[in-house]
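Below is one structure, written out as structure tokens; the observations come after it.
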Amino acid sequence: MEINSNFEALEALLDAKNYRALREVLSDTNEVDVALFIEELPVEKAVVTFRTLPKDMAADVFANLSSETQEVIIGSITDRELAVILDDLHTDDAVDMLEEMPANVVKRVLRNATPDDRALINQFLQYPENSAGSIMTAEFTDLRRDMTVEDAIKHIRRTGEDRETIYTCYVIDEQRKLDGVVTVKDLLLAHDECALDTIMDTDIISVKTTEDREEVARLFSKYDLLSMPVVDHENRLVGIVTVDDAVDVMEQEATEDFEKMAAMLPSERPYLKTGVFSLAKNRILWLLVLMISGMITGGILGRYEAAFAAMPLLVTFIPMLTDTGGNAGSQSSTLVIRGMAVAEIQPHDLLSVLWKELRVSVVVGAVLAAVNYVRLIITYPGNEAVALTVALALFATVVMAKTIGGILPIVAKLFRADPAIMAAPLITTIVDAFSLVIYFSIATRLLAI
């Protein structure tokens with residue numbers, strides 16, 4: 001059922017302390033929606049609602065809560081209740097939770113985990129941040145290559161309840177080295193006596209534990225996978241990444257890129273739950289950089305003060321030139337950054353991008369310059385020289401802006417920086433300075449001022 005439309009009714013049950021009815025409604029509701037409902041409640045009500053949930057549902061709801069709400073709930077429940085949740089919680093969800101918790105909460109959680117779970121969680125926490133190992137889960141279905149289809153199905157029935165997914169199974173040898181992949185569909189359509197090594201797919205898409213999680217997400221998108229095996233450097237199967245975790249990575253990476261492209265330091269917390277000073281801190285650094293670099297524009301105008309003092313009309317075209325140049329550069333940088341994010345453009349494509357953007361800018365610049373020349377001739381009759389000056393400056397500015405916007409993200413990647421930082425704000429600042437130099441250089445020559 002959809003919980004959003006019943007929010008008031010559910011809260012009314014909570015206020016009336018009708019926990020039996022509340023439990024019945026929540027037990028028929030999707031875990032994600034229940035988590036959203038709990039997030040909207042005050043702290044006291046959130047804890048009460050969580051403790052009302054059926055035990056077989058609590059862990060799934062807990063995994064979908066924000067780290068702040070998880071910390072509150074952990075501080076409000078008993079060690080026994082915490083142990084039950086940890087026992088049902090998938091390893092990757094437990095690791096994600098602990099990475100956001102303070103040290104005292106982490107110690108309490110690990111103290112209440114079973115020895116096997118504690119060892120597994122500690123192992124996962126040692127993988128590099130943002131690596132495949134840090135987002136994988138150990139709850140996967142592994143099969144032996146000497147099994148028959150009948151044996152495999154019996155094994156899945158016996159162990160599948162605790163697995164995060166059973167649709168894709170992984171075939172390993174005695175050393176746990178990954179040999180192949182077989183789906184439940186393959187098993188159901190094959191004869192019971194068939195050996196797995198005759199039906200498994202040996203063309204495996206896998207990643208190492210140290211692979212960047214962004215590359216993992218890209219492979220999911222490229223090959224339309226539901227899960228992906230993660231192996232160590234000896235090709236031993238140690239975990240899998242499921243599609244829900246890949247989607248989370250895509251969302252987080254996209255959000256991070258958006259924030260960098262808007263000249264902000266990335267924040268992992270939701271906007272409404274981030275403090276004012278944290279938001280200010282994330283924004284002020286880049287604003288200071290852009291403000292100081294923007295002073296260059298003022299210095300350039302000062303150098304050509306005599307030119308626009310002699311012909312004040314020139315000043316009126318500066319906003320049009322700088323805005324057009326900034327927009328042209330932003331178009332190119334956005335396309336290139338997007339292309340690099342989805343692996344369509346690689347650093348070795350620098351010359352190809354440069355050549356393409358150069359040709360595009362010539363076409364765009366010529367059209368814009370021609371339109372502006374005609375407009376200025378009509379608007380300012382008798383000022384053909386000024387119209388030509390503005391048109392030539394506009395053409396040169398567009399060519400320069402699109403070229404810079406196209407190559408700077410690739411240059412950033414070559415220097416191991418995030419291409420997203422070379423987005424609209426920074427490109428606009430650079431282009432503004434160059435466009436003024438171009439404009440007044442042309443004006444001083446053509447107009448002899």
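Here, residue 1 is the first one in the sequence, and each next residue gets the next number.
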Derivation and outcome, side chain to side chain contact (heavy atoms under 4.5 Å, CB included), residues Asp248 and Asp96: CA-CA 12 Å; Asp248 288 342; Asp96 289 343; over 6 Å; no
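- Using a 4.5 Å heavy-atom threshold, the side chains of Phe440 and Ile318 count as touching.
- With no hydrogens or angles considered, no side-chain donor-acceptor pair links Glu129 and Ser134 at under 3.5 Å.
- By the 4.5 Å heavy-atom criterion applied to side chains, Val249 and Asn130 are not counted as neighbours.
- Exactly one of Val47, Leu53, Val48 qualifies for a side-chain contact (heavy atoms from CB on, under 4.5 Å) with Phe50. That residue is Leu53.
- In this structure a side-chain-to-backbone donor-acceptor pair under 3.5 Å is missing from Arg108 to Leu82.
- Screening Asp60, Leu65, Thr49, Val61 for a side-chain contact (heavy atoms from CB on, under 4.5 Å) with Val34, the sole residue that qualifies is Val61.
- From Asp93, atom CG reaches atom CG of Asp244 across 7.5 Å, with rounding to the nearest 0.5 Å.
- In this model, no donor atom of one side chain and acceptor atom of the other lie less than 3.5 Å apart for Asp432 and Ser435.
- The closest side-chain heavy-atom distance from Thr210 to Tyr127 is not below 4.5 Å.
- Of the possible donor and acceptor atoms, one in the side chain of Arg445 sits under 3.5 Å from a partner among the backbone N and O of Ser441.
- Considering only heavy atoms from C-beta on, Asp56 stays 4.5 Å or farther from Asp88 through its side chain.
- Nearest approach of Ser206 to Leu178, heavy atoms of both residues: CB-CD2, 4.4 Å.
- A 6.0 Å sphere centred on CZ of Arg303 holds no more than 12 heavy atoms belonging to other residues, nucleotides or ligands.
- Closest heavy-atom contact between Asp92 and Ile135: CB-O, 3.8 Å.
- The two residues Leu314 and Ala443 come nearest to each other via the heavy atoms CD1-CB, 4.1 Å.
- To the nearest 0.5 Å, atom CD1 of residue Ile166 and atom OG1 of residue Thr183 are 11.5 Å apart.
- The minimum heavy-atom distance between Val207 and Glu211, with the atom names listed, is CB-CB, 4.1 Å.
- The two residues Lys402 and Ala328 come nearest to each other via the heavy atoms NZ-O, 3.4 Å.
- Annotation for Ile284: atom CD1 does not count as buried by contact number, only 12 or fewer foreign heavy atoms lying within 6.0 Å.
- In this structure, Leu394 CG and Ile442 CD1 are separated by 10.0 Å, a value rounded to the nearest 0.5 Å.
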Side chain to side chain contact (heavy atoms under 4.5 Å, CB included) between Thr397 and Tyr439, worked out: CA-CA 8 Å; Thr397 295; Tyr439 180 39; 5.9 Å; no
Side-chain polar contacts of residues 217-230 - donor-acceptor pairs under 3.5 angstrom, sequence neighbours left out - could you list them?
unit_1, atom_1, unit_2, atom_2, d
Arg218, NE, Glu215, OE1, 3.0
Arg218, NH2, Glu215, OE2, 2.7
Ser227, OG, Tyr170, OH, 2.6

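- Going from atom OG1 of Thr389 over to atom CG of Leu313 covers 10.0 Å, rounded to the nearest 0.5 Å.
- In the model, Asp245 has a side-chain atom that pairs as donor or acceptor with a side-chain atom of Thr242 under 3.5 Å.
- In this structure, Glu139 contributes its side chain and Thr91 its backbone to a donor-acceptor pair below 3.5 Å.
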Side chain to side chain contact (heavy atoms under 4.5 Å, CB included) between Asn327 and Gln331, intermediate numbers included: CA-CA 6 Å; Asn327 291 334; Gln331 285 180 336; 5.7 Å; no
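- Annotation for Ser332 and Gly406: closest pair CB-N, 3.8 Å, computed over non-hydrogen atoms.
- Between Leu10 and Val25, the closest side-chain pair of non-hydrogen atoms falls below 4.5 Å.
- Panel note: side chain Asn372, backbone Ala369; no donor-acceptor pair is recorded below 3.5 Å.
- A heavy-atom distance below 4.5 Å is not found between the side chains of Asn383 and Leu376.
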Test log, rule side chain to side chain contact (heavy atoms under 4.5 Å, CB included), inputs Val411 and Phe415: CA-CA 6 Å; Val411 172; Phe415 284 94; 3.8 Å; yes
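- With rounding to the nearest 0.5 angstrom, the CG atom of Asp179 is 9.0 Å from the OG1 atom of Thr202.
- Put simply, the side chain of Glu39 gets close to the backbone of Ser66: a donor and an acceptor are under 3.5 Å apart.
- A donor-acceptor pair is defined here as one N or O able to donate and one able to accept, closer than 3.5 Å; such a pair exists between the side chain of Gln70 and the backbone of Phe62.
- At a threshold of 4.5 Å between non-hydrogen side-chain atoms, the residues Met97 and Leu86 count as touching.
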Salt bridge (Lys or Arg N to Asp or Glu O under 4.0 Å) assessment of Asp232 paired with Arg236: CA-CA 5 Å; Asp232 61 17; Arg236 291 177 300 192; 2.9 Å; yes
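- Residues Glu99 and Ser67 fail the side-chain proximity criterion, which asks for heavy atoms closer than 4.5 Å.
- When the shell of 6.0 Å around NZ of Lys45 is examined, it contains more than 12 heavy atoms from other residues, nucleotides or ligands.
- Remark: the backbone N or O of Pro319 is paired with a side-chain donor or acceptor of Thr322 at under 3.5 angstrom.
- Interatomic distance, Lys177 NZ to Asp173 CG, rounded to the nearest 0.5 Å: 7.0 Å.
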